[in-house]
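In what follows, a single structure is set out as C-alpha cells and then discussed.
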There are 4 protein chains.
Amino acid sequence: MSDQEWITVLMNDNDDTVISDKQRKILEAAIDTFSEKGYAASSTSEIAKKAGVAEGTIFRHYKTKKELLLAIVTPTIAKFIAPFFIKTFAKEVFENEYEHYDDFLRTVARNRLEFVKKHFPVLKIFIQEIAFHDELREPYQKLFTEHVFLKFKKIIEHFQEKGEIIKLPPETIMRMSAASIIGYILPRFLLFSNHEWDDEKEIEQIVEFIMYGISGKR
Amino acid sequence: MSDQEWITVLMNDNDDTVISDKQRKILEAAIDTFSEKGYAASSTSEIAKKAGVAEGTIFRHYKTKKELLLAIVTPTIAKFIAPFFIKTFAKEVFENEYEHYDDFLRTVARNRLEFVKKHFPVLKIFIQEIAFHDELREPYQKLFTEHVFLKFKKIIEHFQEKGEIIKLPPETIMRMSAASIIGYILPRFLLFSNHEWDDEKEIEQIVEFIMYGISGKR
Amino acid sequence: MSDQEWITVLMNDNDDTVISDKQRKILEAAIDTFSEKGYAASSTSEIAKKAGVAEGTIFRHYKTKKELLLAIVTPTIAKFIAPFFIKTFAKEVFENEYEHYDDFLRTVARNRLEFVKKHFPVLKIFIQEIAFHDELREPYQKLFTEHVFLKFKKIIEHFQEKGEIIKLPPETIMRMSAASIIGYILPRFLLFSNHEWDDEKEIEQIVEFIMYGISGKR
Amino acid sequence: MSDQEWITVLMNDNDDTVISDKQRKILEAAIDTFSEKGYAASSTSEIAKKAGVAEGTIFRHYKTKKELLLAIVTPTIAKFIAPFFIKTFAKEVFENEYEHYDDFLRTVARNRLEFVKKHFPVLKIFIQEIAFHDELREPYQKLFTEHVFLKFKKIIEHFQEKGEIIKLPPETIMRMSAASIIGYILPRFLLFSNHEWDDEKEIEQIVEFIMYGISGKR
DNA sequence: AATGAATGAGCCTTCATTCAT
DNA sequence: CATGAATGAAGGCTCATTCAT
C-alpha cells in the first residue's frame, strides 16, 4: 500500500465498510475463534459453523485462511495507530494542545485504553500472531518507524528541549513510557479482565510513575 | 505437584538430567521449531526430521506432542522463577543483602536478563503458548501467587516502611517495576536481538527510571 | 433409542433411505472389507480405494471408523429381528396362523434363511465383532430380552399347553430350536457357500429333527 | 505336518512342553489379550507389558505376531480334536465301548465340555480368528475331513445299520448332533458364563433332544 | 537370553481449499 | 452468491519388528 492509500484506510473510521451480513458473521466468528485458540489451532470449519455459514462461503470472501486473518487484523491495527499517523498529530502537540509531556501521556493512555477496551480480541490475535506472519509485521513496520515513531521522537525531543524530561535517547524515553502503559493494559485485559478497574486512577498513577518514579522524591 | 516436589525440581539447577542423546536432539529441534512457528503450526514430522530421528522416536519419549511442549517449557520456567522461590530469598533482602530497593531491582534485572539471554527461545514459546494451554498456566499460577508474589510484596512493603518508595499498593509497584524491566527485555530479544546492547547501562537507566521517572526532578 | 424410535427403524423396510451414490459405494466397500478381513484389520484407506473415493470422503459421512461399522451393522440387524418384534407376531401364532409348532419353525427358518442369503456379509461382520464392541451388543440386548425373547417364550408355552411339545424350560426349547437352525445356516454360508443346497429339503429335515430327533421313533 | 508328526503332537497331552517362565507368561498374556480384544486389535506392546517382559522378548520366542497366535491356538486345537483322531477311537465304538449312539453322544459332549471349560479363552480366539487366517484353517481342514469326519461317519453309519438312528446322510446327522451340543456350549461360555449351570442335566436333555426331539412322542 | 530404544510404514482423522450445483 | 460434498495432503500417533548392548 502506498502512503496515500494508508491514509485512506486509516481515516476511514466507520466500521460499516459495506460488508454483507454473512461476511460480518464470518469475521465475528473468526475473531472469536482465533482469539480463543490461536490462528493455527483454529479451523475454518469451526469458524463456518460458529458463523452459521457454509465452509465454502468463507472462501468466497477470503481466498485463504490467512487472508481472513489479515482482513480481521489489518483494519483494526490501522485504526489503532491512525491517531499517531495523522498529519496534525505532532502539530497539535507543539501548538500547545498538550502543555506538558504528562498531558500528552495521559491523553494517549486514555485514548488507547479506550480503543483496547473495544477491540481487545483483535489486538490479542495481532499480538499472538505477529511473531509468525510476515504479512502482519511488514505493512506496519515501515509505517511505524517512518511516521509514528518519528512523530513520537519529535514530541519527546520537544519536551526535552523544554527541560521537562531528561535527555535520555528518545527511543529509551518512548520505550519506558510505552512499557509502563502497556504494562497496565496487557494484564488488565489478558489476565484480570473480570477484575474491577478504576482506569482513570490507574492512568493517573502510571503517568505519575513515568514522570517521577516510585521514590517519592521530586 | 506438591510444594515439596516443586522445591526438588526448582533446586535441581543442573541441566544434565540424564537424557539420551536422541532425546536432547529432539528437545533442541522442538524448541527451534515451536519457537519459530508456534506450537500448533509445528509438525512432529518436521521436528523429527530436524532432530535426525524417526517420528516414532519422539513419541517413544513423549507420549503426545503436548507432553513434548511441557517437557520443554516446564523445567525452564521452573528455573526461571526458582530464585524468587527459595526460602532465603526474602530474608536476604531484609538482612541487608540489598540495602536499597534499587539494589534489589538491579540484581533481579541483571539476573533474569542473564537467564533470558540463555533461554529466550523457550521463554518465547512459553509466552506464546500460555494463553492457549491450561497445563502451562496452572502449575505456576498457585506457585506464583502463593510464593513469588507474596515474597515480592513483603520486600516492597519493607522498603515502603523504610520510606524509600511511595505507598502505592505493592501490586502496583510490582507491576510498574516488572513492566519497566520486561519492557526492555522483550523488545531487546524479540525485535532487536541483533542490535548491540549495553545491557549494564540500560539496566542502570531502567532502575533510575523506576526510581525517579523521566522528569529529572528529585 | 426409545422403543418408539425402534419401531420406526424396524418397520422401515426399504433399503432406499436416501444416501448418495458415494455413500453407497463406501458402505459396499466397507462391508466387503470388514467381512473379509475383520473390522480391526481393515483400513479406511483400503475401503476408500475400493469405494473409489478419497479417504476424507469416508469421514465426511461417518465421523469415525466405528461409526461406519455401526452404520453398516445396525440397520441390518434391526431388520433381521424386526419380524419378531412387530406387535402382531405372537398374535398371528395364537390365531392359528400357525397351527403347529413345526409350521411356525418352518416359516421362521425359511424366512430368516432368505434374509441371511441376502445379507450374509453384514451378518458375518456382526457375528465377528459383537464380542468386541459394546455399541453392537447394547442396543439389541434389551430389545431382544424384552421383546423377541418374550414373544418366543409365549409361543413355546402356547404349544406346550397344547401338548405339542415337551415341557422343558422354554429357554431350552428355544435354544435347541435356534441351534438346529443356526447349525444349518452358519456352515451353509460360512464354510460351504459354493456347495449346492436344497434349502427347502434341508429345512424340512431340520424341522423334523427338532420335533422328533434322529432316533426314528415316534 | 505329516500324519505321523500330528500323532506325536496330539498325543502329547502334557502341558509342560519345556517352555521358560517368561515364555509361559507371554503366552498367558497373549491369550488374555487376544481373547479379550481380538488378534488384530491387540498390540504386542500391550502383551509384553501384561506379561512383564520387554517387547523384544516376545519376538525372540515368536518371530512374528502371527506365530505367537499360532503358538497359542495350534496345540490347543490339536488337543481338542485329538480324541477323535486316535486310532482306536472308532474301534472302541464298534467294539461296544458305546452300546448306543446316545452313549457315544453323552461321552463326547461331557468330554469336550470339560475341555472347553479348561480352554475357553483359546478356543474363543480360534473361533474368532479362523475366518481370517488361512494358517488356522489349513492344518486342520485336511485332518478333519480325512480323519475326524470319516471316523464320525463310520460311527454314525454303524448305528444307522443297527437301526438306532434314521438314515439321513451321516453329514446331516453329524451336523445336527454337533449343532445341538455346540448350541449349548457356546452360549454357556460366551454369553452366560457366570450363570450357574447343571451341565450333567443339560447334557442329558441335549442327548434326549438329539435322539427324540421336542415333540414328546416316541 | 533378554532388553528396550529405534524405526518407518501405516493408521485414523482433520484440514484448507475447490467446484458443481 | 451460497452451498456443502469432495478432495488429498498432512497431521499426530501406534505398531510390529529389528538390533546393539
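Every chain is numbered from 1 and lettered A, B, ... according to where its sequence line falls, protein lines coming before strand lines. Computed from a prediction, not measured in an experiment: that's the story for all the values here.
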Give the minimum heavy-atom separation between B:Lys65 and B:Ala40, together with the two atoms involved.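 Distance-wise, the nearest heavy atoms are NZ-O, 3.7 Å.
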Nucleic acid contacts - residues 25-37 of chain C versus DNA chain F, non-hydrogen atoms under 4.0 Å: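 Going residue by residue through residues 25-37 of chain C, none turns out to have a heavy atom under 4.0 Å of DNA chain F.
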Nucleotide [N], atom [atom2] - distance to [atom1] of [X] in whole Å:
X       : N      : atom1 : atom2 : value
C:Tyr62 : F:dA5  : OH    : P     : 12 Å
D:Leu69 : F:dT17 : CG    : P     : 12 Å
C:His61 : E:dT13 : NE2   : P     : 16 Å
D:Leu68 : F:dC15 : CG    : P     : 15 Å
B:Asp21 : F:dT21 : CG    : P     : 14 Å

Answer whether the closest heavy-atom distance between the side chains of [X] and [Y] falls below 4.5 Å.
X        : Y        : result
C:Thr76  : C:Ile125 : no
B:Glu129 : B:Val73  : no
B:Tyr39  : B:Lys66  : yes

Taking atom types as modelled and ignoring hydrogens, do the side chains of B:Glu55 and B:Thr44 form a donor-acceptor contact shorter than 3.5 angstrom?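 A pair is found: one side chain offers a donor N or O, the other an acceptor, under 3.5 Å apart.
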Could you tell me if C:Lys22 and C:Thr57 have a donor-acceptor pair between their side chains, going purely by distance under 3.5 Å? no
Walk along nucleotides 7-14 of chain F from 5' to 3' and tag each nucleotide B, S or - by protein heavy-atom contact under 4.0 Å, base first, then sugar-phosphate. BB--SBBB
Is C:Glu46 salt-bridged to C:Lys37, cutoff N-O under 4.0 Å? yes
To the nearest 0.5 Å, how far apart are CD1 in A:Ile58 and CD in A:Gln23?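 Nearest 0.5 Å value for the CD1-CD distance: 11.5 Å.
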Identity of whatever pairs with E:dA20 - Watson-Crick or G-U, under 3.5 angstrom: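 E:dA20 is paired, partner F:dT3.
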Nucleotide paired to E:dA1 in any strand shown, Watson-Crick or G-U, under 3.5 Å: none
